[in-house]
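Read through the structure below, which is laid out as structure tokens, and then see the notes.
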Number of protein chains: 2
Amino acid sequence: MPEQPVRARLVDVAHAAGVSKATVSKVLNGRQDLSVRPETRRRVHEAAETLGYRPHSGARALAGASTHALALLIPALGNPTYVTIARGAYQRARELGYLSLLAEDFDGQEADDSFNDLVQEGRVDGLLIASARPGHPLLDTLSRSPVPHVFLNRSVEGSGRNVTMDVARSSVTALDHLHGLGHRAVGHIAGPAGITPSEVRKEAFLRHAEALGLDAAPVASEDFTEDGGGFAARELLRPAPGSARPPVTALYTSSLAQAIGAMAAIRDLGLRIPEDVSVVGNDDLPVAAHLHPPLTTVAMPLYELGTAAVDALVATIEGTPVGDVVVPTEPRLVLRGSTARPAGPGGTP
Amino acid sequence: MPEQPVRARLVDVAHAAGVSKATVSKVLNGRQDLSVRPETRRRVHEAAETLGYRPHSGARALAGASTHALALLIPALGNPTYVTIARGAYQRARELGYLSLLAEDFDGQEADDSFNDLVQEGRVDGLLIASARPGHPLLDTLSRSPVPHVFLNRSVEGSGRNVTMDVARSSVTALDHLHGLGHRAVGHIAGPAGITPSEVRKEAFLRHAEALGLDAAPVASEDFTEDGGGFAARELLRPAPGSARPPVTALYTSSLAQAIGAMAAIRDLGLRIPEDVSVVGNDDLPVAAHLHPPLTTVAMPLYELGTAAVDALVATIEGTPVGDVVVPTEPRLVLRGSTARPAGPGGTP
DNA sequence: CCATCTGAGGAAACCGGTTGACTGAAACTT
DNA sequence: AAGTTTCAGTCAACCGGTTTCCTCAGATGG
């Protein structure tokens, strides 16, 4: 039976290794302000190993050191985008000796619940915040409190703590694809106003649409949900007065959920995908391949966003903040069945 | 400025209220082994309030008391089923003065990572385990360790710690619906073998199929994923040698993801939903309404499962375990467009 | 009138780590 | 040979709570 029924404590390890608590603590934490013989060091590690020693996080935190825990605050658990981010964060945190916890920071919540529960009660050393939005009470709290934190995905201008992806590039990638297929009128279903990636994606879309010389590039802003996507799709596809056909031949959405909602709406309108309307979604998640038709998406480096955010946060915790970071991996187009050449006046191929 | 930049500690509250640390601790924890004047009690609460006092969880844990935190272990973050469960758990935990953390307990992980990180390091008082499966290393660890825990959704026979839903009833509900529409050959896409709700659902399906006198009730077991559902659907719909049409007119799936995969497969086979094949899924989540066609589901009381599990765990932590629990709320049929009368030899309506 | 009881609250040990100051021995200086 | 460094590690205070005895004043009892 290799494991003890009771937790091994620091003094147990010290006793087993024949040294003092202080020595064990310093050795295990790899402090260099102490000189130990290699042989002693080895004995300590060995004793810790065989006893299955794990430091009590509370005791550590109390003693002024770190809890070695971080928390990732996400706006909606149900949004699969964050699953990938969370996995990246968890994995990287583990590699750095931290534990990454997950908390939903939803709107209905009391102002600072998560902050109080996690930070005020001393459970974590820092926050990865993916739920920032203008006016979020948390932002105010943070400005008055010295807790290390970074913003990921949704950034806060001027904070110098933003970890983001090249969202503008994703609009360019999507538009290039549609343009290459022959589309000359493309609608964009954007996310809510005020949320950074929404804004950036939208502006990049408009800019690149102009650069490509598109005939039309209307935008509708809605929630990141299925309903939002459906609603926006109906708006963008409504024929102009006097016309019989929709003003655009393709839609590019801000989220995968919006794409799902948009596809349902398109069909409700009696239109076919991709024959009448092509659809490109953002974020490549497993479900995209199982839609009908399978959805062409722009795959964002979500996993890397998680790892990069942890790197930035840990650096901040350790006193060497790194400033704003943009994940270097470029968005990548994943081609599936929801996009095709438009059936223009020129005739179907 | 109502909030201090630095955390208020117990002694600060004590000082502000003009009493000792001991008194504050006892008053705030509502211990009755101490008699205090109502007026003193009021002063203490008031001081704690104005100082925004929050006890340091680590200090608490160290002093032998509880951390007031629980962890919910789920097998897959991406599975939206658990989102609803997690919300129920979080909310109920909060009402009981606990914090519910979320951890993914995935297969690729080192044997007992979550256990070590959360329990061994003293971060939580108990575990809500939704990721049990036969042979899971965690089960072994738990049997050697006295950590309070309950199993939810997936149960462990004989543990006396299972919190489940009336899964058998969901099969009955689904079958009754299909039978009522006139279906006489229904296939069931079950979950993996060995996982309790899968087994129970499958057996209830077979039993009730026999009770209804169905002509055929084949079952295919696959993963809870889209791919699993697609694979199983192809198998169940394969015409018998010498026949041209599928052997069943309806499919009942174990998970929502399976239903999505099955729908894609059905269409790939050139069949229509619901004209050729009706589909009923388990678990009613937002996306079900946005599929094409919208999916008829059996809504399980997931939120209640989360709250009930927390109730059971907290009871266990406080020394009064409650034994196995079945959530009383009954599964409910949510009628949408994926089910219809079968187009039998008797002709389409 | 002194002993006892009860109500209201306090003193201090303790939980398991971390950390800066300190010590004893050996090695090196001069 | 005495003083100074360096090495290798130890001591003990401290973090912020909880909990187990205590104490002390006033009320009660005989």
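Each chain gets a letter, A, B and so on, in the order its sequence line appears, and its residues count up from 1.
Across the protein-nucleic acid pair, A/Arg31 atom CZ and D/dT10 atom P stand 16 Å apart, rounded to whole Å. Atom pair A/Arg123:CZ and D/dG16:P shows a separation of 16 Å (rounding to whole Å applied). When the P atom of D/dG9 is taken as reference, atom CG of A/Asp33 falls 14 Å away, rounded to whole Å. With rounding to whole Å, A/Leu10 atom CG is found 12 Å from C/dT19 atom P. The distance from atom NE2 of A/His15 to atom C1' of C/dG16 is 17 Å, rounded to the nearest whole Å. Rounded to an integer number of Å, the gap from CG of B/Asn29 to C1' of D/dG16 is 13 Å.
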Do any N or O atoms of the protein come closer than 3.5 Å to N or O atoms of nucleotides 26-28 of chain D, and which pairs are they?
none

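Distances were taken from every side-chain heavy atom of A/Ala63 (C-beta onward) to each of D/dC15, D/dG9, C/dG9; the shortest belongs to D/dC15. Of the candidates D/dC11, D/dC7, C/dG9, the closest approach to any side-chain atom of A/Ala22 belongs to D/dC11. Side-chain proximity of B/His56 to the nucleotides C/dG16, C/dG9, D/dG17 is greatest for D/dG17. Listed nucleotides D/dG17, D/dG9, C/dG16 differ in distance to A/Arg37; the shortest reach to its side chain belongs to D/dG9.
Neither OP1 nor OP2 of C/dG16 sits under 4.0 Å from any side-chain N or O of A/Tyr53.
Along DNA chain D, the nucleotide closest to B/Val24 and the one closest to A/Ala59 are compared, and the more 5′ of them pairs with A/Ala59.
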Practice task
List the steps, then state whether side chain to side chain contact (heavy atoms under 4.5 Å, CB included) holds for B/Thr307 with B/Gln91.
Solution key: CA-CA 7 Å; B/Thr307 62; B/Gln91 201 51 46; 5.7 Å; no
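Partners of B/Glu46 according to the side-chain contact (heavy atoms from CB on, under 4.5 Å) rule, which considers only residues two or more places apart in sequence or in another chain, are B/Arg42.
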Problem - Contact state string [nucleotides 21-28 of chain C, B base, S sugar-phosphate only, - no protein heavy atom under 4.0 Å] - result: B-------
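Under the 3.5 Å distance criterion, the side-chain polar atoms of A/Asp12 are left unmatched by any main-chain donor or acceptor of A/Ala8.
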